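In what follows, chains are A, B, ... by sequence order, proteins preceding strands, each numbered from 1. None of the values given here were measured: they were computed from a predicted structure.
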Number of protein chains: 2
Amino acid sequence: MSEIDVTEVFEKCLGCRYMVAILRRIEQGIQRPGQLEKAVDGMTAKVLSERLKRLVEYGVVEKTSYSEIPPRVEYTLSTFGQRLLEIIDEVDILHKEARLKK
Amino acid sequence: MSEIDVTEVFEKCLGCRYMVAILRRIEQGIQRPGQLEKAVDGMTAKVLSERLKRLVEYGVVEKTSYSEIPPRVEYTLSTFGQRLLEIIDEVDILHKEARLKK
DNA sequence: CGGAATCCAAGAAGATACTG
DNA sequence: CAGTATCTTCTTGGATTCCG
């Protein structure tokens with residue numbers, strides 16, 4: 001398997017549109033694609049689908065498929081994903097502090 | 001002034017190509033554009049220039065211009081930028097751990 | 001040397017339609 | 001409902017040139 005640098009994690013998992021929003025919604029318990037689509041403003045199903053695929057690829061979220069009709073799928077944060085979100089919040093706080101000082 | 005969400009910091013300051021590499025080089029003491037251009041593989045002067053401009057805009061780095069001939073310019077990490085880099089390293093470690101478990 | 005302007009190629013994202 | 005494929009549009013990055 002290829003060596004994945006952290007730079008790649010930032011570029012592919014955090015740098016694109018909606019990513020942080022998607023992760024936050026999943027953390028809040030919104031785990032099905034249909035719900036996520038409605039919960040993130042402006043995001044289409046196609047883009048959501050691509051994002052989720054990538055997040056699974058990088059081990060940020062985990063996917064569970066239930067063999068039902070109609071099909072049901074759920075995404076949850078991996079341990080790595082949970083820590084990532086904590087770190088995002090940390091940056092959030094830092095950023096606000098930095099802006100206050102100006 | 002507009003409200004800058006942390007999402008934007010990730011998308012604009014960390015998510016694009018070369019950003020993490022540039023920050024790391026600055027941290028290592030490479031502070032002049034000409035040097036940075038050589039230090040980051042594949043990056044052109046134009047792109048570097050755009051990145052530095054944005055990093056200043058978001059308060060991640062600070063710019064100092066010396067009125068000399070030829071002109072000299074230096075970029076340094078702000079406090080926010082330093083913390084950001086620490087956090088990047090943290091994600092780096094997390095990411096490696098997450099990969100080992102698989 | 002630093003950086004802005006221009007032009008072009010490549011990649012990301014929006015809109016729609018279609019399959020299991 | 002979830003996910004893929006296609007097509008178009010917009011944004012990003014690469015190459016080059018010019019100015020202070």
Item checked: Rounded interatomic separation in angstrom, taking CD from B:Glu37 and C1' from D:dG13 -> 14 Å
Next item on the list: For A:Tyr75, report the nucleic acid contact type (base, sugar-phosphate, nothing); a contact means any heavy atom under 4.0 Å.
Entry: sugar-phosphate
Check: Where the side chain of B:Cys16 is concerned, which of C:dA4, D:dG13, C:dA15 is the nearest nucleotide?
Finding: D:dG13
Margin query: Just the rounded figure in Å: distance from P of C:dC1 to CD of B:Gln35.
Written below: 9 Å
Item checked: Test: A:Arg99 and A:Glu97 ion pair at under 4.0 Å -> no
Notebook entry, point to check: Would one find a side-chain N or O of A:Arg17 under 4.0 angstrom from OP1 or OP2 of D:dT11?
Noted result: no
Margin query: Expressed as a whole number of angstroms, how long is the span from A:Leu36:CG to D:dA2:C1'?
Written below: 12 Å
Next item on the list: Measure from CD1 on B:Ile69 to P on C:dC1 and round the result to the nearest Å.
Entry: 13 Å
Item checked: SB check A:Glu86 A:Arg83 (cutoff 4.0 Å) -> yes
Notebook entry, point to check: Which nucleotide in the set D:dT4, C:dA13, D:dT12 lies at the smallest distance from any side-chain heavy atom of A:Val47?
Noted result: C:dA13
Notebook entry, point to check: Is any side-chain nitrogen or oxygen of B:Arg72 closer than 4.0 Å to OP1 or OP2 of C:dG2?
Noted result: no
Next item on the list: Starting from the 5' end of DNA chain C, give me the residue, A:Pro71 or A:Arg51, whose nearest nucleotide shows up first.
Entry: A:Arg51
Item checked: Atom-pair distance (CE on A:Met43; P on C:dA13), nearest Å -> 12 Å
Next item on the list: Tell me which of A:Pro70 and A:Lys46 sits closer to the 5' end of DNA chain D, going by the nucleotide each one is nearest to.
Entry: A:Pro70
Margin query: Is A:Tyr18 close enough to C:dG14 that one of its side-chain N or O atoms is under 4.0 Å from OP1 or OP2 there?
Written below: yes
Notebook entry, point to check: Is the B:Phe10 ring parallel, tilted or perpendicular to the A:Phe10 ring (thresholds 30°, 60°)?
Noted result: parallel
Check: Any ion pair linking B:Glu27 and B:Arg25 (charged N to carboxylate O, less than 4.0 Å)?
Finding: no
Next item on the list: Measure from CD on B:Glu11 to C1' on D:dG13 and round the result to the nearest Å.
Entry: 17 Å
Check: Between B:Tyr66 (OH) and C:dC1 (P), how many Å, whole number?
Finding: 17 Å
Margin query: If the threshold is 4.0 Å, N to carboxylate O, is there a salt bridge linking B:Lys12 and B:Glu57?
Written below: no
Notebook entry, point to check: Quick one: A:Leu52 CG to D:dT4 C1', roughly how many Å, whole number?
Noted result: 14 Å
Margin query: Side-chain N or O of A:Ser49 versus OP1/OP2 of D:dT4: is the shortest distance under 4.0 Å?
Written below: yes
